[in-house]
Structures are given as structure tokens and as C-alpha cells.
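A quick write-up on the structure given underneath.
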Amino acid sequence: MNDISVVLTCLLAYGLAYAGMASFSLGMEKHYVQARVSDLTASRKKLFKATGWSFLILAVLPAIYGWGLTIGIVFWTGFVSLAAISVVLVLSYFPKRLIWLGGGVAGIALSVLLLAML
Amino acid sequence: MKKTFSLSMAWLHTWLGLYLGWLLFAVFLTGTMAVFEHSITHWMQPEALVKPAHAEVILARQLDIAQAYLEQHANREKGSNWMIAPISDNHPSLEVRWRVKGEAHEVLLNPLNGEVVSTRETEGGAMLTHFHYTLLAGLTGTLIVGMAAVVMLVGLISGIVIHKRFFKDFFTFRRRSSAQRSWLDAHNVAGVLILPFLFMITYTGLVMQPNTFLPLGIKAVYENPRALRGDAVQSFEQPYQAETAKMIKVSSLLPQAQAAIQSVGWLMIQNGGDAGAVVEFFQNLDRRISAVADHAAFSAVTGRMLGVQTEWRDSAYVYRGFVGIHMAMFGGWVMSWLYFLAGLVSCGLIATGLILFTIKRRKRPEHEFGAMSTRIYSLIEAINITAVMGSINAILIYFWANRVLPMEIPERSSWEVRAFLLTWLVSLLHALLRKPLYAWREQLVFAVLLCWLLPLCARLNGLPSLLEFWRHGDGIAFGVEATILLMGLLLATAIPKVSKAIHGVPSKRTAGSHKVAY
Amino acid sequence: MKPGVDILLRVLAGFVGGYGLTVLVNLLWVLTWPGHRADAVYWGTFFPYVVFVIILLLAFALRSAWRAWAWVLGLSALLLVLLALLRFFK
């Protein structure tokens, strides 16, 4: 892999992991309130959890595609941790931006993933 | 111990964490630096500027240059091992190493013209790696670090037990809350979010050294413990003939070697210059997690292939897998940065833990040491400052010593190490003399200045700094210096927080409750 | 018992006892491994540290320091007997 495709693969894996973690945090009462002024319904809670898991699982794909199964999983673990730390920082410094950051990153990552699959 | 299991765990976490945390911070910090060991070594030898043209010299040419140099300068000697490390992603320069009667020699060569690159005498990043697992105290040091690693595992488990809100507080960091609350949140979040890394790095650090930690198990089945390695790594050595012989150009064997092991990371020549000389090509370690290098050996005189090892005993492969995942030589620069970041967060975890101990007691002293409590608490705080800021400053002073010590003093490299070690002592004295928060702030300011003035200091000494590294295209040295500047920025963000605590600026919830207590 | 003595006994049980048991488990593993001796050594180094960690946790979790020592000594005796039997039958 050349450096550009390394960077793209990383951004993709990290972006998906970030979207996943952001979604998980939105599935929790206190962070949902932090990020948005309204109440969290039970069905939304479930939805956020489900999208969270989906994004985390999707994030495995670019990592394995880029570095193979074993090294890819190590990368995935790293990106998931990094994404979780980013969510914590976003929540404590700019809570209102969590949603559009997460949504934007998820949108870009998903379209790149689709493009890559085509 | 205490009334309930979780109270016992809290007690254990507090005290083992405090006493071993002092050591663990230095171990984790130097370990974090060790990720970029070769880059740091390169930065500490500014005479050896790497230009983009160097990396373009083909491997065969590098090997010819190295071999010619070794044949000229290293003696034919029974059991000699000459090493050639060409330029690669994680090794910025062409290096040769050999020993004469046990004395180690290391020389950098210019891959363009074969001339020796004369550099300042330094142990470079290797010293930090060495400190990471020996504390520069040999076997005893390794045993102490091993014990600290066991305590770290105990700390992680007891930490999970007493945390209780593991998932509920997964993303919780209330930075505007009371001092104690926000430090505790930071400590918990750091621990929880990189828990896989923490368990992995600590456990593999222990498993890596069976020869030191579990020697009896090896001696039970091996009369000579060195034979263990022989059962894992095939040896293709030939007996020493005591007869001079002309060696072939080892570069002529490259195509054969590459066909056998795909990529060549480094070479060893055993009994160089002798009729029984053997050249062995080793695979680059960046291809897989397990730190095993497939290798191919040839007679260095006739060029006949002596053997190839590409198959590994499962147990040895798993063992080297633990070594590999600890040292992170796979995955290129992205993985190195992930490890570096995780290392920094681990340091943060330990530092916040140490700070929490004193914050809690500053607010509500627990009189754990009877009448002596106040004095012992301030001693503990002084040691905390030494453990955290002393370690950070020790590394920075080591870098500074590298830049400012005169070139001609004898044993220059050991003076660098002395400066490194002495910093802890100075840091402790300072922390004992000043009030805790002032000591924190002053040592933080000192560290920030050390980070930021480094390029200026280089300039005054006529050494290349940030701009020159950039202009010459030496990305590695540039990266190291830029990272030091960034670390300065990170440390600088802590200064206003300490100042606020000194002036007792009320946080939102606990107005004025945490002024300086002593 | 004075709290200081209690803690000292626990520290000793946790560290000395913990390491001792680690070594004994390692020895037993290496000596009973049916395959090649290199495999015995390598596979045998991965697990024993878990014993160390558990004993260290136990030493401070149990109700009294004596209990901690009883566990350490009891387990050591058991492992030593097994090792002796092993030697006897080989």
C-alpha cells in the first residue's frame, strides 16, 4: 500500500468506528441530553445501539482489507479505542457538535466504502 | 482485608497503585518513547542527516558498501557476528555492527559514497528502551519491572471491580465538575477506553521474558538454557576453519535470498573472512504480528545455500507473537502512532491515579499515617511530582544533553545518561522544597520550555533543527522534533489548570472548596 | 494483630507466595508436557502469571492474613506433592 491509500483506509476505519461510538453514546440518556435537548425514547435507544454495533462491525472491513485479518484486527481495536476517546472529548468540549460530526463522518465513510466496493 | 470484597479491592488499588505507580509511570513513558526508538536515535545523531536520495540507493549497492567496510575494519575472529542493517521503513540509515573481543562497534555509512558518517557518541533511543525494561539496573531492574507489571494487572482488575459503572460511565468526562470528580472521570475513561491495550501490553511484557522470570522451568528440561533458542530458530552455522578465505559479494545472493524469504530486513555474517564464513539473510519483521524472521543462509565463500527456515514451531510462533504485539514492528507508521497514542493515554491513566490520591486527601485528610499523616502526604505529593514531571523532564534533559554536551568530552554518551538520571534527583529536591501545586507548575513550565527551546538551542549550537530537517527532506528527524514541540503544547495546556487550583478559582459546583490545603 | 503486621503478612503472601506458586505451576506444566521440550517451555510460560495475579488479589481479598497464608501454603504443598510424585514415577 502506498501512503495515500494507507491514509484513506485509516480514515475510513476510524470514521466508521467514530460513527459507531457516537451512536452508542447517543443511546445513553445523559449523553443524548448533552448532545440534544430532548428525551430519549426506548425505541430510539435500541436503534442507536443497533447502528452503533453496525458501524463498529463495518469498520472491520477496511482494516482487514488494508492489512489482512490478524494485523487488521489489531488496527480495528486501535481505531475503536481512538474513536471512543474522540467521542469523550467531543462530548465534553463541543457536545452539540457530536451529532453532525458523527452523521457527517458516517455519511462520508459509507459513501467511500460503497465506492470502494463498486 | 476490609469488610467487603470491593472495599478490599479499593484499598489494594489505592496503595499498590500509589507505590508501584511511581515506577510504572516512568516504565510506560519510556516504553511509549521506545515505539520510535530508531527515529529518536536518528534525531540524536544530527550529523547523519538522511536525504531522500539515500533511500533510493538499491539494496545490493548498500550491501556492497557495508561488506567492503566490514572486510576492511572487522577482524577475522572465531565466533564473530557482523551485522548489516540496510535502510528500511523502520531503520533510517545504513548501519554495520560487529564486535572485537567482546567490544561492540557500530558505524553508520553513507549509502551514496560508502564513507563513514561520523556522529556524536550517544546511546540514542536504545537507552530509553533499555530503561523501559531494566531501569538500567540489569537483571534486578528487569525483576522489579516484572513485579510492577504483575501489580499493573492487579491494578487493572481491581480497578474494574471498584469502578462499578463500567458501561454507564463509558463516555463520561465531567471536566467542569469538582477537581476530584473530573480527575476521577479522566482516570476511569482513560482506563476503560484503552483497556484492551493495557491488558495486552502488560501481559505480553511479562510473557516476553521467560528466561528472566521463569528460569527454573527452562532449567528443568534444558541443561543449557541457550539450547531453547536453538530448538526454535534453526542454525546453519559452519565450524570455524582458522583459514583466511576471500568472500563472494553477498549482494550476488540477493535474488536467491529474496526468492526464499520475500523481503530482506537485515543480514548477519558469521566468522567473516574465514573459510567457514556464513551469510544469513533475515526477513523484515514488518510483515506479520509474530516477531519471527524467516531466514536463509549461504556459505559466504562459495555461495552455496546452506538452508532456509520459513516454518516455525507453533509454540515459538505464539511466543514470538506476544513479543511482536508488544513491540509493534508490524503495521507501519500508522500502527506506531496508535501505540504511541495508547502509550500516552496509559501514562495519563497512571498520572491521574497518582494525582487522585493526593486530591482526595487534600480535600479530606484520612490520617492514614497517624500523627505523621500531613508530613507523609506532602512527601507522597513530592514523589508524585518527581515520578510524573521528573520522568518527563528526565527524557527532555537527555535530549538537551545530547544537543549541548561538548563533543570532545570522554564517555560523552554516559554523561547523557547521567544527566537523564540526575534529573529525577533535582526534580525531587525541588518538589520537596516548594509547595506541591507550585512545584507542579514550575516543573511543567520547565518541561514546556525544554520542549520549545530545543530547536533554538540546536540553532545556537550550529546544529540542524526543524527547518533544516524539512529542507533536506529528513522526515524522521523532522517528525521527532515536531512531536517534541507538540508535546510541549500538550504540557502547556496543563499550566493554566494548575494556576487556577493555586488561586482557588471556584469550579461550578464546589465554590472555593479546593484551595491549597497545605 | 496490629494492622501493620497484617498488611506485611499479606504483602509477603501475595508477592512471595504468588511468585512461588507461579514457579511451581510453571514447573509442573513443563515437566508433564507430553510433547517436545521447547513446546513445553513456550506453552508453559503463558499461563502461570495468571496464578500470580490471582494469588496477589486473594492475599488482600481474604478475611485474614492467616487465611491468605493457608491458601498459599496449602496450594504449594499440593503442587510440591504432585511434583514429587512425578519425579517418583519417571
**Report entry** Proximity breakdown for A:Thr77 and chain B, heavy-atom pairs closer than 4.5 Å
**Finding:**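 Only the side chain of A:Thr77 comes within 4.5 Å of chain B.
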
Turns out that what part of B:Phe197 lies under 4.5 Å from chain A's heavy atoms comes down to neither

| said: With a 4.5 angstrom heavy-atom cut-off, is it the side chain or the backbone of B:Val345 that approaches chain A, or both, or neither? | reply: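 It is the side chain, since no backbone atom gets that close.
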
Exercise. Can we call the ring centroids of A:Phe48 and A:Phe24 under 6.0 Å apart?
Worked result: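 Centroid distance A:Phe48-A:Phe24: not below 6.0 Å, so no.
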
message: For B:Trp470, I'd like to know if atom CH2 has over 12 heavy atoms of other residues, nucleotides or ligands within 6.0 Å.
response: no

Is it the case that the side chain of [X] and the backbone of [Y] share a donor-acceptor pair, with hydrogens and angles ignored and the cut-off at 3.5 Å?
X        : Y        : result
B:Asp169 : B:Thr172 : no
B:Gln283 : B:Ile261 : yes
B:Gln309 : B:Glu311 : yes

Checklist entry - Heavy atoms under 4.5 Å from chain B: which residues of residues 100-107 of chain A carry them? => result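 Listed by number: none.
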
- Query: If you check every heavy atom in residues 80-95 of chain A against those of chain B, which residues fall under 4.5 Å?
  - Reply: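 The stretch touches chain B at A:Ser81, A:Leu82, A:Ala84, A:Ile85, A:Val87, A:Val88, A:Leu91, A:Ser92, A:Tyr93.
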
Exercise for the section: Drop me the distance from A:Leu69's CG to B:Ile289's CD1, to the nearest 0.5 angstrom. Expected result: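 The CG atom of A:Leu69 sits 9.0 Å away from the CD1 atom of B:Ile289.
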
Interatomic distance, OG1@A:Thr51 vs CG@A:Leu56, rounded to 0.5 Å, equals 10.0 Å

Q. Taking the six-membered ring for Trp, are B:Phe322 and B:Tyr203 parallel (under 30°), tilted (30 to 60°) or perpendicular (over 60°)?
A. perpendicular

Between B:Asp185 and the options B:Arg174, B:Arg175, B:Gln180, the side-chain hydrogen bond (donor to acceptor under 3.5 Å, both in side chains) test singles out B:Arg174

Discussion item. Whether the A:His31 and A:Ser25 side chains hold a donor-acceptor pair (N or O, under 3.5 Å, no angle test) is what I'd like checked.
Written reply: no

Regarding B:Thr129 and B:Glu37, do their side chains bring together a donor and an acceptor under 3.5 Å, going by distance alone? yes

- Message: For the interface with chain A, which of B:Leu195, B:Ile194, B:Val334, B:Ile325 has the highest count of heavy-atom pairs at distances below 4.5 Å?
- Response: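 Of B:Leu195, B:Ile194, B:Val334, B:Ile325, B:Val334 has the most heavy-atom pairs under 4.5 Å with chain A.
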
